Amino acid sequence: MQNKDTLADTTTSKQNLNPDQDQLPLVVGVDLGGTQIRTAVLRGPTLLSRVSLMTGKNPSPGRIIPRVYTAIQEALGKAGTTIEQIAGIGIAAPGPLDSKTGVVFTPPNMAEWDHVPLRDLFTEHFHIPIFVENDANAGGLGEHMFGAGRGCNNIVYLTISTGIGGGVIIDGKLLEGVSGTAGELGHMTIDWHGERCPCGNIGCLEYIASGTSIARQANEAIHAGEGIELLTFARTMLQHSTTVPNPSALPTHGHDPATVELRFPPEETDDTILGSETGDEQQEEHLHVNARTVALAAESGIPLARAIIQNAAEAIGVGLVNIIHCFNPEIIILGGGVTQMGRMLMEPAQRVVQERAMKVPREAVRIVQAQLGDNVGLVGAGALIYYYSKQ
Ligand SMILES: [Zn+2]
C-alpha cells in the first residue's frame, strides 16, 4: 500500500513542487478541528514548530480566533521567525465554507459559528495573504504535493474519522464546483432506504461508516440490551486505561457531557498545548463506547463489534466503487483515524471493489494509505499557499 517514488512519478505535473523543498517559502498552517486547533510554521511538508490549543466547550469565534492568533505568534517564536518572513497563512476549516471569499458558514462541530469571515479577520490582523479551504480539500492537496499522491494528477482523497470528507483533484486542479462544495464524498448515498443523515440526505456513507457512526451503532445496540459483551469489554478497557487524553483518538459519541472519553497513551509529540479544557469526569454508568473501542472489540472477536465494522467496511467499499466510476482516478488515498483499523476494514472494502467496479477504471486505480498522518491538516493548510500562488 505504499506509493514509491519513481522517475515516471516525478515528471508528470507542472503543479507538483520541485523535490528541492528547501527553496520553498515559509508558511503558516492552521488546522481548525472540532476538538483541537493546531498551528504550525512549515516549509513544504516540514514542521518547524507546532502549537495547539483545545477548542473547549465554548468554541465561539470571539473566544477562539484571538487564541489562534496567539498560538500562531507562539509558533513563529518557537520556529525563530517572524510574520514578515511568512509567505501566507493557510487555514483548513470544517465545511461548509466558501474558499473564494474565505467565509466559514456553519460547521456542525463549532457552535455559534455562522458566516464567519475568517479570511478577512486574519488579513486585518496579520496583513499577509490568507487562504481558507475545506479541511478535506486541504488534506487532498497536502497528499498531492507532499504525500502519497506526489506525481499523480488525478487523485481522490477520502478521509474517514469523526466524519467522512473528500478532496478531488482532476488534472492537477482541485475540484471546487460552482459553490465550492464539490467533493462531499461522505454524503454520497450508499443505502437509499437507509436512515436520514443530519445533512438532509438518506443513507449517506458518513452516516454508516464514520467513527461517530460506528460508535453510534454500538451505543444504540448497548441501549437496546444487545451489547452486554461489548459493554463488558469497554468497562475492562476503561479500568486499564491511562489517564492522559489523546485528542486524536477515534471519536467518542457526540458531545454529550455524560460521554466518557476512553483514554489512550498520547502519541509522541512536541506540541505545546494551550489551555486544555476537556471534561474528564468518569461516570461509568453513562459509559459510551467510541469507535476505537468497537474496533478493538471486533479484533478480539466480539460478534456485535465485528458486524458493525464489517458493515462499515462494505459501505466504504461501495463508496470506493462510486468514486472509481465517477472520477476514474489513478490513486485513491485513504486517511483519517478509522482507516488505522487496517485489514479488518480494508479487506472487505477491497473485496467489494474487486467484485463490483468496472474493469477499466478498477485496473487503473491504486488504493493507498495517506502518508502525512496526523499532520495532514497542517501540511495541507500550508500547501494552500503553494497551490494558490501558482494558480
Ligand atoms: Zn449526509
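What you are looking at is a predicted structure, and each value in this text was computed from that prediction instead of being measured. Residues: numbered from 1 along the sequence shown.
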Asks: Of all the heavy-atom pairs spanning Val368 and Ala148, show the shortest one and how long it is.
Replies: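 Taking Val368 first and Ala148 second, the nearest heavy atoms are CG2-CB, 3.9 Å.
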
Asks: Checking the side chain of Tyr386 only, and the main-chain atoms of Pro25 only, is there a donor and an acceptor separated by less than 3.5 Å?
Replies: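 Judged by distance alone, yes, a pair lies under 3.5 Å.
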
Asks: Under 3.5 Å, is there a donor-acceptor pair between the side chain of Asn154 and the main chain of Asp171?
Replies: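 Yes.
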
Asks: Write down the atom of Thr55, the atom of Gly33, and the distance for their closest heavy-atom approach.
Replies: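 Smallest interatomic distance, heavy atoms only, reads CG2-O, 3.4 Å.
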
Asks: Are Tyr207 and Leu345 joined in one hydrophobic group, where the rule is that I, L, V, M, F, W and Y side chains link up if heavy atoms are under 4.5 Å apart?
Replies: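 Hydrophobic grouping puts Tyr207 apart from Leu345.
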
Asks: What distance do Ile202 atom CD1 and Asp191 atom CG have between them, rounded to the nearest 0.5 Å?
Replies: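 If we round to the nearest 0.5 Å, Ile202:CD1 and Asp191:CG are 9.5 Å apart.
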
Asks: Same hydrophobic cluster for Ile128 and Ile72, using side-chain heavy-atom links shorter than 4.5 Å among ILVMFWY?
Replies: yes

Asks: What's the shortest heavy-atom distance between Arg43 and Leu24, and which atoms?
Replies: NH1-O, 2.8 Å

Asks: Working to the nearest 0.5 Å, report the span between CD1 of Ile160 and CE of Met341.
Replies: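 Result: 9.5 Å between the selected atoms.
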
Asks: side-chain hydrogen bond (donor to acceptor under 3.5 Å, both in side chains) with Glu347: which of Arg343, Gln350, Arg351?
Replies: Arg343

Asks: Could you see if Met344 belongs to whatever hydrophobic cluster contains Leu304? Use Ile, Leu, Val, Met, Phe, Trp, Tyr and a side-chain cutoff under 4.5 Å.
Replies: yes

Asks: Can you tell me if Glu229 uses its side chain to pair, donor with acceptor, with the backbone of Ile302 under 3.5 Å?
Replies: no

Asks: Would you say the side-chain atoms of Ser213 pair up with the backbone N or O of Ile208, donor to acceptor, closer than 3.5 Å?
Replies: yes

Asks: Output the distance between atom CD (Glu176) and atom NZ (Lys100), rounded to the nearest 0.5 Å.
Replies: 5.5 Å

Asks: Measure from the side-chain N and O atoms of Thr232 to the backbone N and O of Ile228, and report whether any donor-acceptor pair falls under 3.5 Å.
Replies: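 Between the backbone of Ile228 and the side chain of Thr232 there is a qualifying donor-acceptor contact (under 3.5 Å).
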
Asks: Give a yes or no on whether the backbone of Val353 and the side-chain of Arg356 come within a donor-acceptor separation of less than 3.5 Å.
Replies: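 Judged by distance alone, no pair lies under 3.5 Å.
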
Asks: Is it possible for you to say whether Phe327 and Ile367 belong to one hydrophobic cluster, with membership spreading through side-chain heavy-atom contacts below 4.5 Å?
Replies: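 Yes: a chain of side-chain contacts under 4.5 Å links Phe327 to Ile367.
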
Asks: Look at the side chain of Glu143 and the backbone N and O of Tyr157, then say whether any donor-acceptor pair between them is shorter than 3.5 Å.
Replies: no

Asks: Could you grab the distance from atom CD1 of Ile190 to atom SG of Cys197, nearest 0.5 Å is fine?
Replies: 11.5 Å

Asks: Considering all heavy atoms of both residues, which atom of Arg150 and which atom of Gly147 are nearest to each other, and what is their separation?
Replies: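 What the structure gives for the nearest pair is NE-O, 3.0 Å.
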
Asks: Taking the ring centre of each residue, are Tyr69 and Phe126 less than 6.0 Å apart?
Replies: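 Yes - the distance between ring centres of Tyr69 and Phe126 falls below the 6.0 Å cut-off.
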
Asks: Any side-chain to backbone donor/acceptor pair from Asn201 onto His187? Under 3.5 Å, distance only.
Replies: yes

Asks: Looking at side-chain heavy atoms only, is the closest gap between Val321 and Arg362 below 4.5 Å?
Replies: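 A side-chain contact under 4.5 Å is absent here.
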
Asks: Would you say the side-chain atoms of Asp120 and Thr123 include a donor-acceptor pair closer than 3.5 Å?
Replies: no

Asks: Taking all non-hydrogen atoms of both residues into account, name the closest pair between Ile333 and Ala370 and its distance.
Replies: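 Heavy atoms of Ile333 and Ala370 come nearest at CG2-CA, 3.4 Å.
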
Asks: Measure across Leu118 and Leu32 and return the closest heavy-atom pair with its distance rounded to 0.1 Å.
Replies: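 Looks like CD2-CD2, 3.9 Å.
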
Asks: Stepwise, does the side-chain contact (heavy atoms from CB on, under 4.5 Å) test hold for Leu334 with Leu320?
Replies: CA-CA 10 Å; Leu334 300 176; Leu320 292 171; 4.1 Å; yes

Asks: What distance separates Asn219 CG from Ile214 CD1, expressed to the nearest 0.5 Å?
Replies: 12.0 Å

Asks: For Glu133 and Tyr388, does a side-chain donor sit closer than 3.5 Å to a side-chain acceptor?
Replies: yes

Asks: Are the side chains of Leu175 and Ile169 in contact, using a 4.5 Å heavy-atom criterion?
Replies: no

Asks: Please confirm whether the backbone N or O of Pro66 pairs with a side-chain atom of Thr70, one donor and one acceptor, at under 3.5 Å?
Replies: yes

Asks: Could you check if a side-chain atom of Met54 sits within less than 4.5 angstrom of a side-chain atom of Thr35, using non-hydrogen atoms only?
Replies: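 Touching, per the 4.5 Å side-chain cut-off.
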
Asks: Using the rule that Ile, Leu, Val, Met, Phe, Trp and Tyr join whenever any side-chain heavy atoms are under 4.5 Å apart, tell me whether Phe105 and Ile130 fall into a single cluster.
Replies: no

Asks: Taking only Lys NZ, Arg NE, NH1 and NH2, and the carboxylate oxygens of Asp or Glu, determine whether Arg119 and Asp98 approach each other closer than 4.0 Å.
Replies: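 No, this pair does not count.
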
Asks: Report yes or no: does Gln85 contribute a side-chain atom to a donor-acceptor pair with the main-chain N or O of Leu26 at less than 3.5 Å?
Replies: no

